[in-house]
Every structure is written in structure tokens, then in C-alpha cells.
Amino acid sequence: MTGPSLRARLSSPAREVAPALLGGLLTTRRSDGTVTLRITELEAYEGERDPGSHAYRGTTPRNAVMFGPAGHLYIYRHLGLHHCVNLVCGPVGTASALLLRAGEVVRGADVALARRSATGVCRRTVDLARGPARLAVAMALDRADNGADLVARGGSVSVIAPAVPARWVATGPRVGVSGPGGDASTYPWRFWIADDPTVSAYRRAP
DNA sequence: GAAACGATTTGCT
DNA sequence: GCAAATCGTTTCT
């Protein structure tokens with residue numbers, strides 16, 4: 001699944017896209033090297049009707065990208081320290097998006113390790129991109145990449161999405177957010193690959 | 001113009 | 001296990 005067909009698939013609501021994107025390969029090409037990430041953990045945000053979404057109170061300069069076409073990156077700074085990376089989903093006009101929470105570095109682990117070593121210690125390969133901020137560092141993604149189109153040919157960032165078997169996909173409540181109407185347990189909007197060691201540890205079990 | 005707050009990580013107790 | 005770190009964006013006066 002690549003090119004225009006990928007854009008079409010991403011134009012569905014985030015909760016429908018999420019299972020198809022698990023196992024997807026995200027690649028960034030930078031001057032210090034190329035890193036490819038196998039996506040293992042995602043969270044869906046449903047825009048204006050989702051209190052957990054930055055788009056809950058409508059469009060602002062910051063979240064404008066989320067209301068645009070699917071396949072672009074929405075990246076923001078959190079707590080003044082780190083970045084979180086989202087993939088915009090849904091049709092134009094909706095702010096549906098998927099937060100990339102974790103992944104497995106399958107190519108360029110040495111490059112990712114060098115980037116991670118600049119800020120902290122990372123002993124194991126599975127920790128390279130375990131967690132949203134770590135993922136951003138390992139992939140060298142920051143606000144400069146906000147709005148980048150992953151589907152366009154020739155871009156420095158791209159994604160392909162081979163499907164993983166449905167039985168590998170686990171779901172559960174999002175981290176630190178309740179669904180609309182309250183109870184987080186009734187909104188299993190987090191998706192991950194079952195038993196994958198790169199999924200955030202204490203969040204691994206529902 | 002000012003103030004509050006946050007989709008987290010890290011390091012210390 | 002808990003608390004500090006840190007700053008752009010949003011919201012209110």
C-alpha cells in the first residue's frame with residue numbers, strides 16, 4: 001500500500017486506519033543517516049468531538065495541519081521538552097489523527113542510537129523508539145517537519161503500510177486521556193502489536 | 001499583555 | 001515511586 005491508494009486508506013477515521021498502520025514502516029532520510037521504524041503502538045484522536053484532542057476546540061494555527069488532507073505529519077512540542085508525532089487521517093475538514101507512540105527501529109539503529117545518546121542513555125535496541133518523545137528523537141523529527149507529506153514521492157519522510165494479521169492487534173484505553181463522555185475503558189483508542197517488546201512497558205497490558 | 005497548562009521523560013529518593 | 005524540568009499555545013483579563 002503506497003502512493004495515492006495509501007492516501008485514500010488514510011482518509012478514513014483514525015480508529016479505522018490504526019490497525020492497518022500497525023507494522024507500517026516509517027522512514028526518515030537525514031544527512032546523518034536513514035532510519036526506518038516499524039510502528040508498534042498508536043493512539044487515535046478524533047478531532048473536534050474528542051476532548052483529548054488538540055482539535056477539540058476547533059481550528060487554531062497550531063493544529064491547522066490536522067484539518068488538512070490525510071498523510072501529513074502533525075508535530076508539536078510537549079512540556080517544552082520533547083516532540084510528539086502524529087499522522088493525519090480522515091477526510092479534509094476533520095481533525096482525525098494518530099499519535100505514533102512507539103516502534104521498532106529496523107534500519108539505521110546505529111544512527112538512532114547516536115541521536116538518543118545526545119540526550120540520555122539507551123542500553124537496549126528495543127528502547128530506541130519506545131515512547132512518543134523517544135520515537136521523535138530516534139527519527140530526527142521535530143516541529144520543522146510539521147505538515148510534511150508522507151505520501152508524496154521524493155520526500156525525506158515516508159511511510160508504507162503492510163498489514164499485520166488482525167490477531168496481532170491489541171487495543172486498550174489511551175494513556176492519560178479519557179474518551180468522550182468520561183470512562184476511558186469504553187474508548188479503546190490505543191492500538192499496539194501484541195507481545196511486541198518495543199511497546200511501552202507498563203502500558204503493555206490493558 | 002499575562003497566566004495557566006500539557007497526548008512525557010528522566011533522575012533521584 | 002515520585003517530582004522536577006521547561007516553553008509554546010491557548011485563553012482570559
Side-chain angles (χ1 to χ4, degrees), chain A residues 13-15 17-18 21-22 26 37 39-68 70 72-90 94-103 105 112-148 170-192 197-206:
Chain A
R15 296 202 312 280
V17 176
L21 207 57
L22 280 176
L26 177 72
L37 186 83
I39 299 167
T40 58
E41 186 181 0
L42 294 163
E43 257 175 32
Y45 287 84
E46 289 297 333
E48 291 179 288
R49 42 166 222 251
D50 178 0
S53 171
H54 286 174
Y56 183 50
R57 299 187 193 288
T59 172
T60 66
R62 174 175 61 157
N63 65 26
V65 173
M66 277 200 288
F67 289 86
H72 291 248
L73 287 180
Y74 167 55
I75 301 180
Y76 65 93
R77 201 164 174 72
H78 182 236
L79 285 177
L81 296 174
H82 32 254
H83 298 279
C84 292
V85 181
N86 298 255
L87 180 57
V88 176
C89 299
T94 69
S96 191
L98 287 168
L99 169 67
L100 307 186
R101 290 196 53 90
V105 175
L113 182 60
R115 292 169 180 164
R116 288 291 317 284
S117 300
T119 54
V121 185
C122 178
R123 287 189 174 79
R124 303 178 304 161
T125 304
V126 294
D127 291 331
L128 281 174
R130 188 172 69 167
R134 294 166 169 180
L135 185 153
V137 171
M139 300 301 288
L141 290 169
D142 60 26
R143 290 213 334 293
D145 298 291
N146 188 44
T171 63
R174 292 181 296 184
V175 177
V177 190
S178 322
D183 185 8
S185 64
T186 60
Y187 292 88
W189 290 357
R190 188 164 59 89
F191 303 79
W192 66 96
T198 62
V199 173
S200 319
Y202 84 94
R203 296 146 180 157
R204 194 172 300 162

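Proteins come first, then strands; the chains are lettered A, B, ... in the order of their sequence lines, and each starts at number 1.
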Starting at [atom1] of [X] and ending at [atom2] of [N], how long is that distance when rounded to a whole Å?
X: E43(A); N: dA7(B); atom1: CD; atom2: P; value: 10 Å
X: L141(A); N: dA7(B); atom1: CG; atom2: C1'; value: 16 Å
X: N86(A); N: dT8(B); atom1: CG; atom2: C1'; value: 14 Å
X: H83(A); N: dG8(C); atom1: NE2; atom2: P; value: 10 Å
X: H78(A); N: dC7(C); atom1: NE2; atom2: P; value: 14 Å
X: R143(A); N: dG6(B); atom1: CZ; atom2: P; value: 19 Å
X: L100(A); N: dA7(B); atom1: CG; atom2: P; value: 16 Å
X: N63(A); N: dG8(C); atom1: CG; atom2: P; value: 18 Å

Tell me which nucleotide among [options] gets nearest to the side chain of [X].
X: A133(A); options: dA7(B), dT10(C), dT9(B); result: dT9(B)
X: H54(A); options: dG8(C), dA7(B), dT9(B); result: dA7(B)
X: L79(A); options: dA7(B), dT8(B), dT10(B); result: dT8(B)
X: P132(A); options: dT8(B), dA5(C), dT11(C); result: dT8(B)
X: R62(A); options: dT10(C), dT8(B), dG8(C); result: dT10(C)
X: L81(A); options: dA7(B), dA5(C), dC7(C); result: dA5(C)

| field | Any R116(A) side-chain nitrogen or oxygen under 4.0 Å from OP1 or OP2 of dT10(B) | value |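 True: R116(A) side-chain N/O within range (under 4.0 Å) of dT10(B) OP1/OP2.
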| query | Just to confirm, is there a sub-4.0 Å distance from OP1 or OP2 of dT10(B) to any side-chain nitrogen or oxygen of R134(A)? | reply | yes
| field | Contact summary for V88(A) and G68(A), nearest pair of heavy atoms | value |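 Scanning both residues, the minimum pair turns out to be CG1-O, 3.9 Å.
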| query | Now, which nucleotide makes the Watson-Crick or G-U wobble pair with dC12(B), with each of the two distances under 3.5 Å? | reply |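 The base-pairing partner of dC12(B), which may sit in any strand shown, is dG1(C).
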| query | Is there a Watson-Crick or G-U wobble partner for dT6(C) with both distances under 3.5 Å, and which nucleotide is it? | reply |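 Matched dT6(C) with nothing under the 3.5 Å cut-off.
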| Residue from S53(A), C89(A), S96(A) passing side-chain contact (heavy atoms from CB on, under 4.5 Å) with M66(A) |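 Going through the options one by one, the only one that passes is S53(A).
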| field | Side chain R134(A), main chain L128(A), donor-acceptor under 3.5 Å | value | no
| said: Are dG8(C) and Y76(A) stacked, with the base six-membered ring and the side-chain ring centres under 5.5 Å apart and planes under 30°? | reply: no
| query | CD/E41(A) to CG/L99(A) distance, rounded to the nearest 0.5 angstrom? | reply | 8.5 Å
| request: State, yes or no, whether a side-chain contact exists between Y76(A) and N146(A) at a heavy-atom distance under 4.5 Å. | output: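 Counting from C-beta outward, Y76(A) and N146(A) never come under 4.5 Å.
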| More 5' along DNA chain C: R57(A) or R77(A), using each one's nearest nucleotide? | R77(A)
